[in-house]
Amino acid sequence: MRRRERPCGGSGSTGDTRNERHAGGTAPTPPRGRADRPARGRAWAELLRLPALFSVPGDALAGTAAAGAPPNARTLLAIGSSLCLYEAGMALNDWADREVDAVERPHRPLPSGRVRPAAALTAACALTGAGLALAARAGRPALAVAAPLAATVWAYDLTLKHTPAGPVAMGAARGLDLLLGAAATTGRTRPALPSAALLGTHTAAVTTVSRQEARGGSTLAPLAALATTALLTRLVTHRLGSLPEDRREAAAHVAPGPRSAHPRRQEPGRQRAAHLTTALAAAYATTTARPYLHAALNPSPPLTQRAVGAGIRATIPLQATLTARSRGTATALLIAALAPLGARLGKKVSVT
């Protein structure tokens, strides 16, 4: 794909022919900078891994739902902050890995020379500042979560990535991103801690698989990620049906007189949330099951990268599952709608 793009800004026979046509009275050749814009745009899209952006808004929305509140204007600020910090991490990741990528992945934007390292580092700094500024606009509780989130992102890319703590740090970053939505919307994070732990566990498993995506050769990591997916699917579906019901029954036992009819009136809503959660959990599991299994049976770089991409895409149905479990039915459907959009863009730009 890139080989077809490069001649667009070149000065070979195609450019000479265009100049000759111009001399004969035809339209002039576009300036070189204008002709290079599509190539530069694609290079930055690859650097920032734009399809992965669709996995970000669901963090704040799931955190908001877990805190028991509907989304509001501060939720939008949290989403904006998350998007900036996420892309800061992407740019910083390639800047920190530019020497390794020159050997293992020379097609990436920095080692191929399509994006300058200084530009990538500048983008990472600017996006980090923008993310913190948006969090500050959302309130002090949001900034109190966004600051350690930004620190975790930078620590992971610069020092922790190639250590055993790398997957844990990445999982913590994703969990903090979910808590950012709860903090911005309600000022509280405790109700969202279980959802943050589940989402962070999934992210840690995907990160563990990604550590071998350039070289391949690891069977254990995809198998562990597959087992993690099965465990998380079980947890999100089991806890939905039990916890709210137990709390309502306990409240009914405490109240004097016969049991209130309120639980029955809310039964249809609870059933809809349960059915939607089950369906979304199934979508989450099926998104990763086959790619993880293929990577375990044949841990080659292409299959491992495919498994990592599936794990990233599966973040969206998991976010939607967590949201539906918290009775955010409409918000869960909105999050789920992001999955096909990300998959469509992912066919043009790789997420790994």
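Index from 1, following the sequence.
Between K161 and D97, at least one side-chain nitrogen of the basic residue sits less than 4.0 Å from a carboxylate oxygen of the acidic one, meeting the salt-bridge criterion.
No side-chain heavy atom of L48 sits under 4.5 Å from any side-chain heavy atom of L53.
Legend: residues meeting salt bridge (charged side-chain N to carboxylate O under 4.0 Å, His left out) with E213, ordered by chain and number and at least two apart, are R105. With sequence neighbours left out, R49 forms a salt bridge (charged side-chain N to carboxylate O under 4.0 Å, His left out) with D94. Annotation: salt bridge (charged side-chain N to carboxylate O under 4.0 Å, His left out) contacts of R174 (sequence neighbours excluded): D59. Every residue two or more places apart in sequence or in another chain that forms a side-chain contact (heavy atoms from CB on, under 4.5 Å) with T159 is listed here: A155. Residues passing the salt bridge (charged side-chain N to carboxylate O under 4.0 Å, His left out) test with D101, sequence neighbours excluded: none.
For residues 291-344, no pair satisfies ring pair (Phe, Tyr, Trp, His ring centres under 6.0 Å), with sequence neighbours left out. The stretch residues 51-83 participates, sequence neighbours left out, in no ring pair (Phe, Tyr, Trp, His ring centres under 6.0 Å) pair at all. Judged as a ring pair (Phe, Tyr, Trp, His ring centres under 6.0 Å), not a single pair has a partner in residues 327-352 (not counting sequence neighbours). Judged as a ring pair (Phe, Tyr, Trp, His ring centres under 6.0 Å), not a single pair has a partner in residues 56-88 (not counting sequence neighbours).
E104 CD: more than 12 foreign heavy atoms inside a 6.0 Å radius.
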Problem set entry | Test side-chain contact (heavy atoms from CB on, under 4.5 Å) applied to R313 and T288, step by step | CA-CA 8 Å; R313 291 192 300 273; T288 59; over 6 Å; no

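The minimum heavy-atom distance between P51 and V349, with the atom names listed, is CG-O, 3.2 Å. Heavy-atom minimum distance, V153 versus G89: CG1-CA, 3.5 Å.
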Which atom pairs, donor and acceptor, lie under 3.5 Å between side-chain atoms of residues 189-202 and protein residues at least two apart or in another chain?
| unit_1 | atom_1 | unit_2 | atom_2 | d |
| --- | --- | --- | --- | --- |
| S195 | OG | R325 | NH2 | 3.4 |
| T201 | OG1 | A197 | O | 2.8 |
| H202 | ND1 | Y284 | OH | 3.0 |
| H202 | NE2 | G311 | O | 2.9 |
| H202 | NE2 | T315 | OG1 | 3.3 |

Contacts table for residues 124-145: side-chain donor-acceptor under 3.5 angstrom, sequence neighbours left out:
| unit_1 | atom_1 | unit_2 | atom_2 | d |
| --- | --- | --- | --- | --- |
| T128 | OG1 | A124 | O | 2.8 |
| T128 | OG1 | W154 | NE1 | 3.0 |

Please set out all donor-acceptor pairs under 3.5 angstrom arising from side-chain atoms of residues 178-186, sequence neighbours excluded.
| unit_1 | atom_1 | unit_2 | atom_2 | d |
| --- | --- | --- | --- | --- |
| T185 | OG1 | T64 | OG1 | 3.0 |
| T185 | OG1 | T75 | OG1 | 2.6 |
| T185 | OG1 | G181 | O | 2.8 |
| T186 | OG1 | A182 | O | 2.8 |
| T186 | OG1 | R188 | N | 3.2 |
| T186 | OG1 | R188 | O | 3.3 |

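Judged purely by atom type and a 3.5 angstrom limit, R327 has no side-chain atom pairing as donor or acceptor with the backbone of G68. With hydrogens and angles ignored, the 3.5 Å screen pairs a side-chain donor or acceptor of T321 with a backbone N or O of A281. Within the 3.5 Å criterion, the main-chain N or O of T163 finds a donor-acceptor partner in the side chain of R211.
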